[in-house]
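First up is the structure itself, then whatever we jot down about it.
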There are 4 protein chains.
Amino acid sequence: MNEQASGHRAGPVRSAAARDAILAATARLFQGQGYDHLTIEGIAKEAGVGKQTIYRWWPSRGALIAECLTDGRLIPIDFDVPYSGDLLRDVEEWLGSVLAILETPHGAMLLRSLVAAAAEDAEVGDHLSASLGVDRHLAERLAAGIRDGQLAADAPVELLGHAVLGTIIVQSLTRRPDVAGALRELVRYLVAAR
Amino acid sequence: MNEQASGHRAGPVRSAAARDAILAATARLFQGQGYDHLTIEGIAKEAGVGKQTIYRWWPSRGALIAECLTDGRLIPIDFDVPYSGDLLRDVEEWLGSVLAILETPHGAMLLRSLVAAAAEDAEVGDHLSASLGVDRHLAERLAAGIRDGQLAADAPVELLGHAVLGTIIVQSLTRRPDVAGALRELVRYLVAAR
Amino acid sequence: MNEQASGHRAGPVRSAAARDAILAATARLFQGQGYDHLTIEGIAKEAGVGKQTIYRWWPSRGALIAECLTDGRLIPIDFDVPYSGDLLRDVEEWLGSVLAILETPHGAMLLRSLVAAAAEDAEVGDHLSASLGVDRHLAERLAAGIRDGQLAADAPVELLGHAVLGTIIVQSLTRRPDVAGALRELVRYLVAAR
Amino acid sequence: MNEQASGHRAGPVRSAAARDAILAATARLFQGQGYDHLTIEGIAKEAGVGKQTIYRWWPSRGALIAECLTDGRLIPIDFDVPYSGDLLRDVEEWLGSVLAILETPHGAMLLRSLVAAAAEDAEVGDHLSASLGVDRHLAERLAAGIRDGQLAADAPVELLGHAVLGTIIVQSLTRRPDVAGALRELVRYLVAAR
DNA sequence: GACTAAGCGAGACGGTACGTCAAGTCTTGTC
DNA sequence: GACAAGACTTGACGTACCGTCTCGCTTAGTC
């Protein structure tokens with residue numbers, strides 16, 4: 001009845017507690033049971049929240065996962081690559097922290113689930129590679145390697161990052177036993193001085 | 001009265017027509033709608049078949065996809081790698097036929113769906129990389145390249161195959177526009193004479 | 001600082017505009033869609049009013065309907081029974097105006113909805129029979145008929161009113177085609193000189 | 001795959017156990033909680049049955065109630081009217097058995113709920129008046145009364161039945177205290193020798 | 001040639017989850 | 001403090017599939 005002339009609407013504001021509970025529940029269930037088996041109803045129950053509150057703010061399961069990623073609730077945010085001067089050592093350090101994900105209890109399943117989510121939802125793929133720092137940190141470190149003369153000048157730095165991440169994914173999808181060893185060998189070859 | 005020791009039971013055997021109808025329907029629906037949205041009921045209806053007939057012979061959706069793969073109903077079987085003497089040219093030819101999948105109408109979605117299926121079902125991953133000839137044909141061609149002196153002796157041939165396939169997957173999952181160009185650049189770098 | 005002992009509270013009082021908008025919306029929606037399908041949210045939206053404003057003043061859907069009835073927003077208020085000296089003619093005139101409700105576009109549904117509301121909420125039933133004037137006007141006219149010697153002395157005037165209204169209801173609930181004709185026949189029999 | 005030439009379809013047949021459990025649960029819950037508060041989910045849970053099994057065979061809550069009525073699960077089926085020669089006594093006996101419904105623990109609510117259901121679903125109204133024997137048994141008994149000279153020749157027998165039932169309904173909806181007494185008075189008046 | 005036993009199309013069944021709607025309560029900011 | 005707006009939890013809606021289980025055939029051996 002009363003007309004408001006104000007520019008922004010009145011009324012209650014998004015509940016930070018609900019948002020946090022939902023994302024926490026999503027992360028917990030995702031890590032425990034994988035992407036299939038992850039249901040909106042399950043999340044709502046786990047979070048003690050109404051389903052509608054989820055549907056109000058997220059359009060899909062994928063969007064939830066994507067936001068969990070950007071919040072660092074599934075894997076650490078923004079894997080860094082150090083700069084010690086030794087390119088191979090630096091890349092291997094980054095690789096080690098990425099591969100550490102696979103060492104955690106359900107790490108392999110977690111990664112496969114992230115791949116499944118990324119296959120279904122574009123956002124997830126972007127946030128995943130962003131989290132791992134493939135495009136930013138790793139590519140930049142490789143570029144620095146070129147400047148330092150430790151990598152061929154024509155090395156496609158961004159693609160090499162995708163190649164490393166992709167290899168991890170392929171090995172995970174085909175359930176290879178020693179992903180870590182294989183990846184270390186690959187990186188050693190790719191980054192070898194020429 | 002007395003139990004027969006006969007090795008083979010009485011009654012009709014597995015219907016080849018049903019098997020074919022089921023796999024054909026699976027392939028059709030998978031290509032049209034993707035892995036999520038692919039349902040057993042949908043396949044049964046499309047194939048004009050009872051659900052039980054599917055459950056009798058395949059334990060899961062993934063198994064159906066895996067068998068479609070080995071039957072070459074989703075992507076061509078057994079991508080070959082020619083041997084012309086020129087390693088780069090041969091690998092690029094193989095790469096071209098793999099990338100051709102992405103050019104088909106729903107090719108990108110098909111690949112993402114295969115990845116989703118592989119993430120859920122181990123079998124699919126194996127059959128996928130087998131179909132593409134990554135481990136056998138490509139790795140062997142690379143090994144021959146080493147013998148021919150066109151590739152570094154310490155090149156991890158199998159891992160390089162995974163790296164190429166993995167890069168395709170990563171780029172597909174992040175919806176990159178020019179996967180083909182990028183892959184050609186990567187291969188050129190990996191296979192470059194040292 | 002110091003609390004005033006003033007008898008009337010601070011702040012605005014009940015908004016007459018809101019009350020009217022709510023009742024008008026209720027009547028509109030009730031007539032258009034029936035009692036089931038009538039929702040508080042729908043009324044609030046239709047009235048341009050917050051839900052809380054409805055809940056603040058009415059305890060239930062039924063109370064809204066009851067108030068619409070006493071306001072004459074659903075059916076005319078207080079059907080009168082004339083006194084011409086001819087009992088049958090007077091009762092038939094009352095009957096005609098009651099049956100006129102059924103002739104309106106969604107009249108039959110309106111009546112059924114009122115019955116549904118009355119079945120759920122006691123208030124509605126009272127207000128309904130009050131609106132129709134069954135207990136007051138009709139019963140009194142019948143009593144006058146007894147005094148005039150046009151109706152048997154032992155006629156249970158109030159019950160006869162319920163019988164007439166009840167017959168309308170039963171015929172409406174069973175979707176009889178010619179309720180009006182039937183009711184005229186019934187009234188003629190009930191009020192017949194003995 | 002195999003084409004059947006048979007006229008009626010193969011496959012499993014409707015489960016009598018499920019049908020019975022569903023109707024029993026419906027009747028139980030309807031009597032306990034009334035028509036509003038009666039939910040399909042509640043019935044399914046109470047019956048130990050999937051929701052779909054209900055939706056497969058009944059289009060609406062009303063249809064369930066209607067079938068409960070024809071099965072005699074809510075009120076006795078087919079109230080009879082005796083023929084003793086004394087019209088008033090016979091009608092009062094029928095009336096007594098109808099009013100007995102109101103004496104049961106939640107009898108008044110049961111009747112109101114039936115009215116609510118009838119207001120929403122046409123079928124229920126028909127089955128309700130059929131169950132009570134208003135149109136068949138009572139109307140026929142009244143017709144016999146006319147033949148016996150105990151009722152005026154022009155008495156609209158069917159309408160009188162509706163009037164009696166309608167009066168019960170109106171009195172129930174307005175929560176009158178002594179419905180039984182009132183009805184007995186009404187019937188005595190209606191059936192009085194002229 | 002009759003008898004069996006399995007395969008088959010169909011689809012009913014008890015479930016789980018979907019995404020939507022509305023209930024009634026609570027919160028925010030405006031008047 | 002009433003109000004419009006609308007977020008919140010709860011719970012039911014009606015639908016889609018799951019995987020299992022009859023049905024009433026058809027058919028391929030075995031006796």
Side-chain angles (χ1 to χ4, degrees), chain A residues 1-6 8-15 17-18 37-42 44 47-57 59-61, chain B residues 4 6 8-15 17-18 37-42 44-45 47-57 59-61, chain C residues 9-15 17-18 37-42 44-45 47-57 59-61, chain D residues 1-6 8-15 17-18 37-42 44-45 47-57 59-61:
Chain A
M1 284 286 102
N2 304 7
E3 305 294 330
Q4 253 91 46
S6 154
H8 53 54
R9 59 163 208 74
V13 96
R14 178 170 183 178
S15 157
H37 304 134
L38 181 71
T39 67
I40 300 286
E41 289 209 334
V49 133
K51 273 199 287 180
Q52 197 61 249
T53 301
I54 299 178
Y55 285 112
R56 184 156 28 234
W57 301 111
S60 64
R61 265 190 327 164
Chain B
Q4 294 295 333
S6 156
H8 58 321
R9 47 165 200 69
V13 290
R14 177 171 186 178
S15 156
H37 304 135
L38 181 71
T39 67
I40 299 287
E41 291 208 332
K45 181 148 289 181
V49 133
K51 277 199 286 178
Q52 197 57 251
T53 303
I54 300 179
Y55 283 112
R56 185 156 28 233
W57 302 111
S60 65
R61 262 190 329 164
Chain C
R9 48 168 196 67
V13 291
R14 178 170 184 180
S15 156
H37 303 135
L38 181 72
T39 66
I40 299 287
E41 291 209 332
K45 180 147 291 179
V49 132
K51 279 199 286 177
Q52 197 56 251
T53 303
I54 299 179
Y55 284 111
R56 186 158 25 235
W57 302 109
S60 65
R61 261 190 330 165
Chain D
M1 285 283 105
N2 304 4
E3 305 294 330
Q4 253 92 43
S6 157
H8 54 55
R9 61 163 209 75
V13 97
R14 179 170 182 179
S15 157
H37 304 134
L38 181 71
T39 66
I40 298 285
E41 288 208 335
K45 180 153 292 180
V49 134
K51 273 199 286 180
Q52 198 60 49
T53 301
I54 299 179
Y55 284 111
R56 182 151 36 229
W57 301 110
S60 64
R61 265 189 328 163

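Below, chain A is the first sequence line, B the second, and so on; all start at residue 1. Atom set for the values below is all heavy atoms of this structure, side chains included, hydrogens, waters and symmetry mates excluded.
By the side chain to side chain contact (heavy atoms under 4.5 Å, CB included) test, A:Ala18 is found to be paired with A:Ser15, A:Val49, A:Thr53, residues two or more places apart in sequence or in another chain being considered. In terms of the side-chain hydrogen bond (donor to acceptor under 3.5 Å, both in side chains) criterion, A:Gln52 has no residue partners (sequence neighbours excluded). Applying the side chain to side chain contact (heavy atoms under 4.5 Å, CB included) test to C:Ser60 and every residue at least two apart in sequence or in another chain returns C:Ala63, C:Asp121.
The nearest whole Å value for the distance from the CD1 atom in B:Ile54 to the C1' atom in F:dT20 is 14 Å. Spacing between atom CZ of C:Arg56 and atom C1' of F:dA5 amounts to 13 Å, rounded to whole angstrom units. D:Lys45 places its NZ atom 10 Å from the P atom of F:dG11, with the value rounded to the nearest Å.
The side chain of A:Trp57 lies closest to F:dC8 when the candidates are E:dC13, F:dC8, E:dC8.
Under 4.0 angstrom from either OP1 or OP2 of E:dG14 there lies at least one side-chain N or O belonging to D:Thr53. An OP1 or OP2 oxygen of E:dA12 is reached within less than 4.0 angstrom by no side-chain nitrogen or oxygen of D:Ser15.
Considering all non-hydrogen atoms of both residues, C:Arg61 and C:Ile40 come closest at CG-CD1, 4.1 Å. Summarising the geometry of B:Ala44 relative to B:Gly50, their closest heavy-atom pair is CB-C, 4.3 Å, with the distance given to 0.1 Å.
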Grab the N/O contacts between the protein and nucleotides 17-19 of chain F below 3.5 Å, and write none if there aren't any.
from   : atom 1 : to      : atom 2 : distance (Å)
F:dC18 : OP1    : B:Ile40 : N      : 3.0
F:dC18 : OP2    : B:Ile40 : N      : 3.1
F:dC18 : OP2    : B:Glu41 : N      : 3.0
F:dG19 : OP2    : B:Tyr55 : OH     : 2.8
F:dG19 : N7     : B:Lys51 : NZ     : 3.2
F:dG19 : O6     : B:Lys51 : NZ     : 2.6

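Map A:Val13 and D:Val13 each onto its nearest nucleotide of DNA chain F; the residue landing nearer the 5' end is A:Val13.
With rounding to the nearest 0.5 Å, the separation of OG1 in C:Thr39 from NZ in C:Lys51 is 9.0 Å.
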